[in-house]
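Remarks on the structure that follows.
Just so you know, these numbers use all the heavy atoms, side chains as well, and skip hydrogens, waters and symmetry mates.
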Amino acid sequence: GGSDALVFVEDVNGTAYETWVYVDNGELSEVTVKSKGDVVSGAGQPINPVDSLSVEKKNGGLYKITLTDDKGDCSSATVFVRTEKEEGSL
């Protein structure tokens, strides 16, 4: 609780799912749940050892994402969030 995460929302046959990317016990992890579902510690699949994930909102739809690995090295990327809306969806 309280840590930054990336959340991607996808509609599959009328059901909304969220894929969460977050740090759990020193691992960058990923888990997919039904929208508004609980994300439980330990439920995700480990991706890579990391120390922290930081997501910082910038101007104009930009976000700066920073990962710090288990050796203290940082990698950052600035991304633009774009959504696509299918006809008839909200």
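Nearest heavy atom pair, residue Val23 against residue Ser52, reads CG2-C, 3.8 Å. Taking each heavy atom of Asp4 and Val55 in turn, the nearest pair found is OD2-N, 2.8 Å. Between Tyr17 and Lys34 the shortest heavy-atom distance is CE2-CG, 3.7 Å. The two atoms that bring Ser29 and Pro46 nearest to each other are OG-CA, 4.0 Å, heavy atoms only. For the pair Pro49 and Glu27, the tightest heavy-atom approach, listed with the atom from each and the gap, is N-OE1, 3.4 Å.
Under a hydrophobic clustering in which Ile, Leu, Val, Met, Phe, Trp and Tyr are joined whenever their side-chain heavy atoms come within less than 4.5 Å, directly or via other members, Val21 and Tyr63 fall into the same cluster. Ile47 and Leu67 end up in the same hydrophobic cluster when Ile, Leu, Val, Met, Phe, Trp and Tyr side chains are linked at under 4.5 Å. Hydrophobic clustering (side-chain heavy atoms under 4.5 Å, transitive across Ile, Leu, Val, Met, Phe, Trp, Tyr) groups Ile65 together with Val81.
Separation of atoms CG (Asn48) and CG (Asp70) is listed at 8.0 Å; rounding is to 0.5 Å. Here the CH2-CZ distance, from Trp20 to Phe8, works out to 11.5 Å after rounding to the nearest 0.5 Å.
Between Tyr22 and Val31 there is a side-chain heavy-atom pair separated by less than 4.5 Å.
In this structure, the side-chain hydrogen bond (donor to acceptor under 3.5 Å, both in side chains) partners of Glu56, at least two apart in sequence or on a different chain, are Lys58. Under the side-chain hydrogen bond (donor to acceptor under 3.5 Å, both in side chains) criterion, Thr19 pairs with Thr32, not counting sequence neighbours. Qualifying side-chain hydrogen bond (donor to acceptor under 3.5 Å, both in side chains) partners for Thr66, counting only residues two or more places apart in sequence or in other chains: Ser76.
Judged by distance alone, the side chain of Asp51 and the main-chain N or O of Thr68 form no donor-acceptor pair under 3.5 Å.
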